[in-house]
Undergrad: 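Sharing a structure here in structure tokens format.
All chains are named by letter (A, B, ...) in the order of the sequence lines, taking the proteins before the strands, and each is independently numbered beginning at 1. Computed from a predicted structure; not experimentally measured.
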There are 2 protein chains.
Amino acid sequence: MPPDVQQVPAATVARLPLYLRCLEELEQTKVETVSSSRLAELAGVNAAKLRKDLSHLGSYGTRGVGYQVAHLMRSIRFELGLDEQSPVIVIGLGNLGQALVNHAGFGDRGFPIVAVFDIDPNKIGRRVEGVDTAVEHLDNLETVVAAHEARTAIITTPVGAAQSATDRVVAAGITSVLNFAPTVVQVPEGVALRQVDLALELQILSYYQPRPETSPEHGARDENLRAAR
Amino acid sequence: MPPDVQQVPAATVARLPLYLRCLEELEQTKVETVSSSRLAELAGVNAAKLRKDLSHLGSYGTRGVGYQVAHLMRSIRFELGLDEQSPVIVIGLGNLGQALVNHAGFGDRGFPIVAVFDIDPNKIGRRVEGVDTAVEHLDNLETVVAAHEARTAIITTPVGAAQSATDRVVAAGITSVLNFAPTVVQVPEGVALRQVDLALELQILSYYQPRPETSPEHGARDENLRAAR
DNA sequence: TTGTGTGAAAGTTTTCACAGCT
DNA sequence: AGCTGTGAAAACTTTCACACAA
């Protein structure tokens, strides 16, 4: 790995979108200024941590007052590269793919779903709510990605197809991959990857369940948001 | 916080389910023994990290040989408290709720969905694939939770309803909450919580997109699974 | 000879506590 | 008087590198 001038620590990057979401809530209620302690409370984090996170933006709060909601939102959006819409493609129209596509939350937050791919002939050509174009065959991937200049792909294929689907979207020019298939996929250097496995979240929670028999002491604790995710 | 004998570090707990998933894949291919380096490769982590993680289980690998797949699976399941099925309820039958309920992945991994709740009269009584009982009104929550001895709830309500839904399931006896509503919910001490916001994942990825204009250097890196989630 | 288990070092993240701006 | 920005300490996590068991 190169010298790698890491501007903003990974743990901070993973929290910035959370702060942004809280700020959006505040803006909707016409709040113009917010203190670190109030925002931290909304985000469920410690106030010092929040201030340190924001300090990486070179962000200007005002001592004795707090942060300008609108200004802070702009700073975070800029830092994350959320200034413009970022078209997304979805590979695999199973249950989860279907739900993600219908889910308005992506488009509303700057990630419009511009195309959905599958290989099942029964699904090709089907119209899906929330997407302008019909379901495409995976063979059209390269053309469609190029046409929309999409850079981000969501993988919701079955496990067995996830790696090949990933390889293929990467070859087509995708540089960010969000994998929901419950298997680890590999991507080359230069491609960003996050993996979410829903059942895995439940298994993690399971550890923190109060349990009688087990050794000295488990016992529920909090502090499990998405630690650094 | 009390002295709190933390058996296993949080970062390790968050990875154990991942190892378990990899081991399940190995078992299906009749592999009986695996080395730390091979398993680490499958899980996408560093081998030393994996060994240290497993050392917290007091788990016995065999030097010069590796780990017994079957034995290691048992150890991890025991540590996480996955020995028995853990019934789950889902609150909110929107797009995402629907998808999660249909999704076979939960039941297969020991988390059968035993009931789904909503408050929309049009949804109450509807049958949903993957669940034995019809959609219930939220008013029946307490009775149903008690009947199934459910301890885990998945929240997929709209933002505005998430906190009250959470308060209510906790009052009904739920001790693990997985929140998909894009808002922070609070839970009392003793209740375990994880929050997943799908759009937020895309925003995090956005930071790691190669971008031209921006300051000294961003540039995509890997290492973003769910870092200590 | 192979590959685990683990001290010790390095790196990252969180938290504290307070100087200093408004 | 209030609240940010930040050094410094503490806590946690990762990685290294090697003794040692099979």
Side-chain angles (χ1 to χ4, degrees), chain A residues 1 3-16 18-19 23 31-69 71-72 75 204 221-229, chain B residues 1-16 18-19 31-69 71-72 75 204 221-229:
Chain A
M1 221 173 266
D4 195 16
V5 184
Q6 180 76 329
Q7 290 276 147
V8 181
T12 296
V13 170
R15 282 185 298 262
L16 289 176
L18 174 63
Y19 303 152
L23 288 164
V31 174
E32 295 186 355
T33 299
V34 66
S35 68
S36 63
S37 52
R38 176 78 183 110
L39 184 54
E41 185 191 348
L42 290 173
V45 305
N46 169 302
K49 185 195 285 185
L50 181 135
R51 288 202 302 277
K52 184 141 284 184
D53 283 343
L54 296 185
S55 75
H56 293 292
L57 309 184
S59 164
Y60 281 25
T62 310
R63 295 180 186 210
V65 179
Y67 300 90
Q68 290 294 118
V69 171
H71 179 267
L72 189 49
S75 301
I204 297 171
R221 244 152 275 105
D222 344 28
E223 200 64 31
N224 333 17
L225 191 133
R226 115 141 344 225
R229 157 317 241 190
Chain B
M1 220 174 266
D4 192 19
V5 185
Q6 179 76 332
Q7 291 276 148
V8 183
T12 295
V13 170
R15 281 185 299 263
L16 289 177
L18 174 64
Y19 303 152
V31 174
E32 294 186 358
T33 299
V34 67
S35 69
S36 64
S37 51
R38 175 77 183 112
L39 184 53
E41 184 190 348
L42 290 172
V45 305
N46 170 302
K49 185 194 283 184
L50 181 135
R51 288 202 301 278
K52 185 140 282 183
D53 283 343
L54 296 186
S55 75
H56 293 291
L57 309 184
S59 163
Y60 280 28
T62 311
R63 298 182 186 211
V65 179
Y67 299 90
Q68 290 294 118
V69 171
H71 178 268
L72 190 49
S75 300
I204 296 171
R221 243 152 276 106
D222 345 26
E223 200 64 32
N224 331 19
L225 192 133
R226 115 142 346 226
R229 44 227 226 112

Undergrad: Taking the minimum atom-to-atom distance to the side chain of A:Ser35, which one of D:dT13, D:dT15, D:dC3 wins?
TA: D:dC3
Undergrad: Does any N or O in the side chain of A:Thr62 come within less than 3.5 Å of the main-chain N or O of A:Val65, such that one atom is a donor and the other an acceptor?
TA: no
Undergrad: Once you round it to whole Å, what is the distance between P of C:dT12 and NE2 of A:His56?
TA: 12 Å
Undergrad: Want to settle it: does B:Ser37 or B:Lys52 sit nearer the 5' end of DNA chain C, counting the closest nucleotide to each?
TA: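 Comparing both residues, the 5'-ward one is B:Ser37.
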Undergrad: Mind calculating the distance between NE2 (A:His71) and P (D:dT4) to the nearest angstrom?
TA: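 Going from A:His71 (NE2) to D:dT4 (P), I get 15 Å.
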Undergrad: Rounding to an integer number of Å, can you tell me how far B:Leu50 CG sits from C:dT4 C1'?
TA: 11 Å
Undergrad: Specify the separation, in whole Å, of atom NZ of A:Lys49 and atom C1' of D:dC12.
TA: 12 Å
Undergrad: Looking only at non-hydrogen atoms, find the nearest pair between B:Leu39 and B:Val34 and report the distance.
TA: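 Closest approach of B:Leu39 to B:Val34, heavy atoms only: N-CG2, 3.8 Å.
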Undergrad: Could you check whether any side-chain heavy atom of A:Asp53 comes within less than 4.5 Å of a side-chain heavy atom of A:Arg15, counting everything from C-beta outward?
TA: yes
Undergrad: Would A:Leu54 and A:Tyr67 satisfy side chain to side chain contact (heavy atoms under 4.5 Å, CB included), going step by step from the backbone distance to the final call?
TA: CA-CA 10 Å; A:Leu54 296 185; A:Tyr67 300 90; 3.6 Å; yes
Undergrad: Of all the nucleotides listed (D:dT14, C:dT13, C:dT6), which has the minimum atom distance to the side chain of A:Pro9?
TA: C:dT13
Undergrad: Side chain to side chain contact (heavy atoms under 4.5 Å, CB included) for A:Leu72 and A:Tyr60? Distances and angles first, verdict last.
TA: CA-CA 8 Å; A:Leu72 189 49; A:Tyr60 281 25; over 6 Å; no
Undergrad: It should be established whether A:Tyr60 places a side-chain nitrogen or oxygen under 4.0 Å from OP1 or OP2 of nucleotide C:dT22.
TA: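 Indeed not, no polar side-chain atom of A:Tyr60 lies that close.
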Undergrad: Output a table of nitrogen or oxygen pairs between the protein and nucleotides 18-22 of chain D separated by less than 3.5 Å.
TA:
unit_1	atom_1	unit_2	atom_2	d
D:dC20	O2	B:Arg63	NH1	3.1

Undergrad: Checking contacts here: which listed nucleotide (C:dT4, C:dT14, D:dT6) is nearest the side-chain heavy atoms of B:Ser36?
TA: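 The listed nucleotide nearest to B:Ser36's side chain is C:dT4.
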Undergrad: Go through it in stages, so that I can follow the logic: the residues are B:Leu57 and B:Leu16, the test is side chain to side chain contact (heavy atoms under 4.5 Å, CB included), and I'd like the CA-CA distance, side-chain angles, deciding distance and then a yes or no.
TA: CA-CA 10 Å; B:Leu57 309 184; B:Leu16 289 177; 4.1 Å; yes
Undergrad: Rounded to the Å, how far apart are A:Arg15 CZ and C:dT12 C1'?
TA: 11 Å
Undergrad: Mind calculating the distance between CZ (B:Arg38) and P (C:dT2) to the nearest angstrom?
TA: 18 Å
Undergrad: For A:Asn46 and D:dT4, what is the distance between atoms CG and P respectively, to the nearest whole Å?
TA: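 My rounded result for the distance is 13 Å.
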Undergrad: Using whole Å, report how far CG of B:Leu72 lies from P of C:dG3.
TA: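 After rounding, the gap between these two atoms is 16 Å.
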Undergrad: Among residues at least two apart in sequence or on other chains, which ones pass side-chain contact (heavy atoms from CB on, under 4.5 Å) with B:Gln68?
TA: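 Per chain and number, B:Gln68 pairs via side-chain contact (heavy atoms from CB on, under 4.5 Å) with B:Thr33, B:His71.
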Undergrad: Which of these nucleotides, D:dC16, D:dT14, D:dT6, is closest to any side-chain atom of B:Ala48?
TA: D:dC16
